[in-house]
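Notes for the one structure printed next.
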Amino acid sequence: MKFKHVLQVITISVLTIFCPKLKSQATPKIDLSKSFTEKFTGEIKDSIPSLGSFIIAQNDKIIYEQYFHGASKETVFSVKSVTKSITSVLAGIAKDKNLLPDLNTPVLKILPEYNVSRSRFKNISNLEGKILHDSIKNTVTLRNLMMMQGGFDWVENSKVSMAMGFSSDPVRFVLELPFEEYPGAVFNYNSGETYVFGAALSRIVNTSLKQFADENLFQPLNIHITKWDTDPQDRNLAGSELFMKSSEMLKFGSLILNNGKVGNKQIVSQKWLQESTSEQVKLDSWDVMPDANGYGYYWWRRKTNGHQAYVATGYGGQLICVIPDLKMVIVTTCFLNDKNKGRADIKRLHYFIDKITQAH
């Protein structure tokens, strides 16, 4: 038996040498030497004057953590549209609890008070050919909203989105917009659609999004959220205005990296995370997302030096970048001050993320 055991060990060793695929797939090690990090830190600080923090964790250990321009571990940032990806996870938790209906459910089935006729628009002659039909509005589904395919006539960061922000009921404002496309046909980034989805999700879980998140997501992650803005109807804004520390963003990113688990506790199902980060919408070009390769349910997708990344993105440089095959999470924050270059800063940050993923 001893000879047989020795022979097996020798055979396995020989096969491992000549058949590399049999080797255990070790996580590629990122080489963050002192000279690299010093140069990297100086370059990123000079390139992005609004930068607040840049954190890298690999294998659940922080390997780089720097704060800039007066920020510290205790600084709280408005994470802007990173909130959308958090809302996506909340939807997954609701699904795990058998609360979330089929995503093909029309949103007006959940929010019937907004199923109001648009007959008051009948005297408007053309509206430049926009589609106003109530029959179309009734087909907008939860899935359409999560994929940014609601079809509404919308331009992000425009007079329309500004008007929504000042409206007494942002959900009603969005649902009364004319349609540019039929729901489900075309991707058009629309924060207003996220507010509609958030109102529906709050109705589904029968509480505010913050309370649901506190009980089912934030507390298990030891995250303490003190501010999440609401609309005039006192609903948390599902698409923006959640405030977090950089370390809290990292905890959320680590949850995604670890397939929805914290320790031995499953916070959100792996199945939902796989679905919500998969390519639900084909998207191979986006101005601030180099090497984009699709959009999920409020998650961006891109390749960084060949590695698939899932990215929660917020205006002005708030990022949580999850790179599973490197076992890595990268978090960035920026101050929303007069030095912030908006979308340009996001693009610059992806350039620096690429420098990190190349360093192995």
Side-chain angles (χ1 to χ4, degrees), residues 78-116 137-138 140-150 152 154 161 164-177 183 190-221 223-244 248 252 255 267-269 272-273 275-276 296-299 312 314:
S78 172
V79 300
K80 305 305 283 186
S81 289
V82 167
T83 311
K84 294 178 173 67
S85 300
I86 291 172
T87 296
S88 176
V89 169
L90 295 180
I93 294 171
K95 183 175 176 63
D96 294 339
K97 293 178 177 292
N98 295 315
L99 298 173
L100 187 73
D102 187 290
L103 291 182
N104 293 319
T105 301
V107 69
L108 290 180
K109 293 284 188 183
I110 300 165
L111 301 172
E113 66 270 30
Y114 293 107
N115 193 1
V116 179
K137 183 172 71 167
N138 279 285
V140 178
T141 66
L142 296 174
R143 189 185 305 275
N144 295 152
L145 297 175
M146 294 197 84
M147 293 163 57
M148 300 292 185
Q149 291 187 323
F152 297 101
W154 176 275
S161 59
M164 180 200 70
F166 285 106
S167 68
S168 60
D169 188 342
V171 173
R172 185 178 301 281
F173 181 95
V174 174
L175 289 172
E176 289 186 348
L177 288 171
N190 182 337
S191 289
E193 290 182 4
T194 319
Y195 294 167
V196 176
F197 179 83
L201 182 58
S202 181
R203 179 72 55 83
I204 288 164
V205 301
N206 197 32
T207 187
S208 71
L209 292 184
K210 184 178 185 301
Q211 183 173 336
F212 186 74
D214 280 340
E215 294 174 358
N216 297 283
L217 177 63
F218 296 146
Q219 288 176 7
L221 293 179
I223 291 173
H224 304 283
I225 299 299
T226 58
K227 186 177 181 183
W228 187 351
D229 287 354
T230 57
D231 69 11
Q233 304 297 317
D234 203 30
R235 294 173 297 214
N236 294 112
L237 300 174
S240 189
E241 305 316 309
L242 175 64
F243 290 75
M244 304 177 78
E248 293 172 331
F252 177 74
L255 176 74
I267 305 300
V268 61
S269 66
W272 174 263
L273 292 182
E275 181 180 347
S276 60
Y297 299 152
Y298 300 145
W299 281 99

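To the nearest 0.5 angstrom, Asn115 atom CG is 5.0 Å from Leu108 atom CG. Between the OG atom of Ser202 and the CD atom of Gln233 there is a distance of 12.0 Å, given to the nearest 0.5 Å. Taken from CZ in Arg235 to OH in Tyr195, the straight-line distance is 11.5 Å, to the nearest 0.5 Å. We find the OG1-CG distance between Thr194 and Leu145 to be 8.0 Å, quoted to the nearest 0.5 Å. In this structure, OH in Tyr298 is found 8.5 Å from OG in Ser88, a value given to the nearest 0.5 Å. The CG atom of Leu175 lies 9.5 Å from the CD atom of Glu193; values are rounded to the nearest 0.5 Å.
Panel note: side chain Glu275, backbone Gly296; no donor-acceptor pair is recorded below 3.5 Å. Of the possible polar contacts, one joining the Thr87 side chain to the Ala238 backbone as a donor-acceptor pair under 3.5 Å is found.
The shortest distance between side-chain heavy atoms of Phe173 and Asp169 does not fall below 4.5 Å. Side-chain contact between Leu237 and Leu209 is absent, with no heavy atoms from C-beta onward closer than 4.5 Å.
Salt-bridge check for Glu113 with Arg203: passed, with a basic side-chain N closer than 4.0 Å to an acidic carboxylate O.
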Quiz item: Would Val82 and Phe252 count as a side chain to side chain contact (heavy atoms under 4.5 Å, CB included) if you check the C-alpha gap in whole Å, the side-chain angles of each, and the deciding distance to 0.1 Å?
Solution: CA-CA 11 Å; Val82 167; Phe252 177 74; 5.5 Å; no
Practice problem: Applying side chain to side chain contact (heavy atoms under 4.5 Å, CB included), run through Met164 and Leu177 and close with a yes or a no. | Solution: CA-CA 10 Å; Met164 180 200 70; Leu177 288 171; over 6 Å; no
Exercise. Test side chain to side chain contact (heavy atoms under 4.5 Å, CB included) on Ile267 and Ile93 and set out the steps.
Key: CA-CA 7 Å; Ile267 305 300; Ile93 294 171; 4.2 Å; yes
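Residues Asn144 and Thr141 have side chains that bring a donor and an acceptor to within less than 3.5 angstrom of each other. For the 3.5 Å distance criterion, the side chains of Lys227 and Ser78 fail to qualify, holding no donor opposite an acceptor.
Nearest approach of Gly192 to Trp154, heavy atoms of both residues: N-CZ2, 3.7 Å. Taking all atoms of both residues into account, the shortest heavy-atom contact from Trp228 to Ser240 is NE1-O, 3.6 Å. For the residue pair Gly239 and Thr83, the shortest heavy atom distance occurs at C-CB, 3.8 Å. Closest non-hydrogen pair, Ala199 versus Val171, comes out as CB-CG2, 3.7 Å. Between Ser208 and Asn236, the shortest heavy-atom contact is CB-OD1, 3.6 Å. Heavy-atom minimum distance, Val107 versus Leu142: CG2-CD2, 4.1 Å.
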Extract all donor-acceptor atom pairs below 3.5 Å that involve side chains of residues 214-221 and protein atoms in other chains or at least two apart in sequence.
residue : atom : partner : partner atom : Å
Asp214  : OD2  : Lys210  : NZ           : 2.7
Glu215  : OE2  : Gln211  : NE2          : 3.3
Asn216  : OD1  : Lys97   : NZ           : 3.2
Asn216  : ND2  : Phe212  : O            : 2.9

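Within a 6.0 Å radius of NZ in Lys80, other residues, nucleotides and ligands contribute more than 12 heavy atoms.
Note on ring orientation: taking the six-membered ring where Trp is involved, the planes of Tyr297 and Trp272 are tilted (angle from 30° to 60°).
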